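Letters A, B, ... mirror the listed sequences (proteins, then strands); counts begin at 1. As the structure is a prediction and not an experimental result, all values here were calculated from the model.
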There are 2 protein chains.
Amino acid sequence: MTRIDDVARAAGVSTATVSRALRGLPMVSESTRRRVLDAATRLGYSASPSASRLAGGRTGGVAVVVPRITRWFFSTVVEAAEESLHEAGYDVLLFNLGGSEQARLKLLHTGALRQRADAVMLISMPLLAEDFAAVSQLELPGVTVSSGTPVPGWPSIRIDDVGAARKAMDHLIGLGHTRIARICGESSDELAFTTHVDRRRGYLEALTRAGITPDPALEVEGSLDLAGGAAATEQLLARDAGFTAIFATCDEAAMGALTTLRRHGLRVPEDVSLVGIDDHDLAPAIGLTTVAQPAAEQGRRAVQTLLAPAAPQRDVLLPTHLTVRESTAAPARTLDG
Amino acid sequence: MTRIDDVARAAGVSTATVSRALRGLPMVSESTRRRVLDAATRLGYSASPSASRLAGGRTGGVAVVVPRITRWFFSTVVEAAEESLHEAGYDVLLFNLGGSEQARLKLLHTGALRQRADAVMLISMPLLAEDFAAVSQLELPGVTVSSGTPVPGWPSIRIDDVGAARKAMDHLIGLGHTRIARICGESSDELAFTTHVDRRRGYLEALTRAGITPDPALEVEGSLDLAGGAAATEQLLARDAGFTAIFATCDEAAMGALTTLRRHGLRVPEDVSLVGIDDHDLAPAIGLTTVAQPAAEQGRRAVQTLLAPAAPQRDVLLPTHLTVRESTAAPARTLDG
DNA sequence: CTGAAAGCGCTTACAG
DNA sequence: CTGAAAGCGCTTACAG
């Protein structure tokens with residue numbers, strides 16, 4: 001390992017000057033800087049992160065926290081954020097909570113994070129009342145993505161969830177559907193994760209505006225993934241409430257619904273229309289109509305906001321748009337359960 | 001921030017003893033250890049990673065390198081590896097190469113990695129001849145997952161790709177297919193990434209064993225993802241070579257094929273049978289027949305092997321199995337192009 | 001614009 | 001089993 005002293009000696013300057021020159025600080029003459037850069041390159045020098053961190057107080061890392069990296073939205077946000085962060089010279093520390101309450105507590109309620117990251121990016125993290133205190137004690141800059149419970153003082157990047165849900169619903173209503181089920185999203189959850197609450201609100205608002213009375217029998221809660229969508233649809237069918245369309249809170253839930261419908265011999269869209277939110281990579285493969293949200297863009301904007309020197313925009317809402325494919329059609333016959 | 005001195009003072013011992021006690025080293029009496037632990041807990045102390053790293057020489061991090069975190073296999077491996085690594089007390093440094101040659105070079109051919117990680121996990125990383133030298137100069141322990149080009153001295157975790165491809169093919173052949181196309185996998189690639197080469201070999205072997213002469217017109221190269229599968233299938237149809245089944249090198253390519261087939265009004269399996277390799281989360285949603293591989297298990301085993309104190313098994317082959325769903329059936333009519 | 005020196009907060013021989 | 005002291009490799013005031 002070549003150290004800073006080696007470079008200093010080779011360039012004929014002090015270590016302080018090497019440090020300044022390499023980090024591009026002002027107060028170094030161009031000729032000196034060039035000599036230092038040359039020596040560093042020649043010796044293949046790169047500063048020890050541990051030493052820099054200890055001496056400088058910065059860790060050079062950003063913690064990226066997701067519920068489940070295996071889900072489309074999260075992996076897409078992380079991929080975009082990772083690229084931006086590495087470009088800016090940061091290490092990316094990945095934390096995949098995986099639904100483990102223990103992992104969540106350890107991360108949030110421990111000094112661990114503050115000592116390993118310069119900033120935090122919380123993606124779709126529901127926070128409890130006591131978490132807010134812990135998060136501010138981190139004394140770290142942060143940003144939330146797609147989080148309905150923004151942290152005071154942190155900017156947030158997200159979409160208008162009420163509006164996105166309304167777009168999906170208006171499409172179904174426009175096709176003539178009146179018995180529209182809603183699956184997934186734990187809106188009764190004490191975490192009050194507004195993504196779920198907002199999408200449900202959009203669902204209810206669209207119905208009401210169209211003069212359709214919401215029917216609680218058409219709503220089934222469940223987790224926002226394949227299994228959740230499959231199970232919710234199973235329940236829905238068991239209720240025999242009569243529906244011609246399903247509004248799934250996200251595309252993966254819609255795909256889960258598809259699995260269950262397929263198992264019951266129901267065709268989409270002939271028997272049931274199906275719409276989601278996301279525009280998952282695989283949505284085209286299954287012809288899923290959905291409301292597209294810019295996931296990668298949210299990751300990039302989050303990093304940008306985090307690293308912005310000036311006062312960043314505090315609450316960024318990115319646009320969504322309806323993408324019609326083959327999973328929706330006019331109802332063939334209305335099953336009034 | 002409470003530091004080690006604070007704990008030492010509170011416990012009435014030296015910092016050396018605090019250090020030993022907290023890290024569970026021997027040579028500390030039980031009573032002393034207890035006192036130190038108490039003090040540390042009371043003060044909410046946790047050691048500064050930067051300082052530990054600088055003094056101890058360990059970084060406490062493991063670099064996890066993937067081509068694209070948005071693809072099923074990679075996110076699934078990473079999720080499992082992340083859990084195991086955090087359990088073992090390591091930080092997870094994520095590197096998503098995203099096909100950027102620049103990112104790849106920077107990572108492999110720079111001292112950067114050695115100074116930030118104690119070990120490296122390379123997932124499906126094709127390596128060039130010059131990369132091997134760079135990787136060994138890292139002087140870091142490592143492991144490869146699903147990599148056909150194992151690094152000398154590093155253990156590798158993977159599946160038998162030849163065998164997996166044969167299982168898929170034998171299923172199609174057993175159904176009566178003789179005109180079976182193969183899509184995706186750049187086997188001519190100079191990287192000689194054996195995953196592709198091996199799966200192709202399985203394809204050819206299965207044909208030959210069944211007495212079917214391979215037809216080059218039925219093979220289309222392409223990237224192992226949705227877009228690649230869609231484009232390859234488009235090409236395949238344009239060739240008009242006559243086929244009744246498609247063997248896709250991975251499930252995402254199969255899903256891409258599905259998109260194209262759908263666009264051309266072809267039904268699966270009535271017009272074309274389709275089989276992949278992976279058992280992607282969404283395979284059930286689209287009824288895809290596939291050869292399942294244990295992705296999460298590969299992530300866990302990789303970490304286990306990396307952290308194993310004793311001599312680890314050098315080359316671990318995990319089992320695969322055919323999972324029949326609705327995308328395959330006997331050919332209705334053979335289109336002999 | 002540049003350098004000498006202290007200090008960041010730990011761990012690790014070395015003694016005892 | 002425990003402690004005093006050096007050292008890990010940088011960065012940062014402080015001087016000049």
Side-chain angles (χ1 to χ4, degrees), chain A residues 1-40 43-61 89 91 111-118 139, chain B residues 1-40 43-61 89 91 111-118 139:
Chain A
M1 277 286 49
T2 114
R3 291 158 312 138
I4 198 170
D5 320 45
D6 302 321
V7 180
R9 212 170 300 119
V13 297
S14 71
T15 60
T17 299
V18 173
S19 176
R20 293 189 194 106
L22 258 30
R23 284 179 300 148
L25 296 187
M27 307 286 107
V28 180
S29 76
E30 260 323 299
S31 66
T32 305
R33 188 187 305 280
R34 192 128 24 205
R35 245 182 318 135
V36 171
L37 252 45
D38 281 356
L43 300 175
Y45 172 75
S46 72
S48 151
S50 313
S52 302
R53 289 163 193 193
L54 181 57
R58 298 175 56 261
T59 70
D91 286 340
L113 209 48
R114 178 172 25 168
Q115 300 186 107
R116 27 201 110 223
D118 293 331
E139 288 172 339
Chain B
M1 275 285 50
T2 113
R3 292 158 313 138
I4 198 171
D5 321 45
D6 303 321
V7 180
R9 212 169 302 118
V13 296
S14 71
T15 60
T17 299
V18 172
S19 177
R20 294 186 194 109
L22 257 30
R23 285 178 300 147
L25 297 187
M27 306 287 107
V28 180
S29 75
E30 259 324 297
S31 67
T32 304
R33 188 186 305 279
R34 192 130 21 205
R35 241 179 325 133
V36 172
L37 253 44
D38 281 356
L43 299 174
Y45 171 76
S46 73
S48 151
S50 314
S52 301
R53 287 162 193 194
L54 182 57
R58 298 175 55 261
T59 72
D91 286 339
L113 210 49
R114 180 174 20 168
Q115 301 185 107
R116 25 200 114 225
D118 293 331
E139 290 172 336

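When DNA chain C is scanned in the 5' to 3' direction for atoms under 4.0 Å from non-hydrogen atoms of chain A, the outermost contacting nucleotides are C/dC1 to C/dG9.
Residues B/S50 and A/R53 come closest through the heavy atom pair OG-CB, 3.3 Å. Taking all atoms of both residues into account, the shortest heavy-atom contact from A/T2 to A/Y45 is O-CD1, 3.2 Å. Across A/D118 and A/T59, no two heavy atoms sit closer than the pair OD1-N, 2.7 Å.
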Sequence neighbours left out, cut at 3.5 Å: what donor-acceptor pairs do the side chains of residues 15-23 of chain B make with other protein atoms?
from  : atom 1 : to    : atom 2 : distance (Å)
B/T17 : OG1    : B/S14 : OG     : 3.3
B/S19 : OG     : B/R23 : NE     : 3.3
B/S19 : OG     : B/R23 : NH2    : 2.9
B/R23 : NE     : B/S19 : O      : 3.2

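Between A/R35 and A/D38 there is no salt bridge, since no side-chain nitrogen of the basic residue lies less than 4.0 Å from a carboxylate oxygen of the acidic one.
Each of B/L25 and A/A51 lies near DNA chain C, and the nucleotide nearest A/A51 is the one positioned closer to the 5' end. The nearest heavy atom of DNA chain D to B/T15 and to B/A55 marks one nucleotide each, and the one closer to the 5' end goes with B/T15. Between A/S48 and B/S29, the one whose closest nucleotide on DNA chain D sits nearer the 5' end is B/S29.
When Watson-Crick and G-U wobble pairs are counted only if both distances are under 3.5 Å, C/dA4 pairs with no nucleotide at all. C/dA13 is unpaired under the criterion used here, namely a Watson-Crick or G-U wobble arrangement in which both key atom distances are under 3.5 Å.
Put simply, the side chain of A/R33 gets close to the backbone of A/L25: a donor and an acceptor are under 3.5 Å apart.
As judged by a 4.0 angstrom heavy-atom cut-off over every strand, B/S50 is placed among residues making no nucleic acid contact. Residue contacts shown for B/R53 are absent, as no nucleic acid heavy atom lies under 4.0 Å away.
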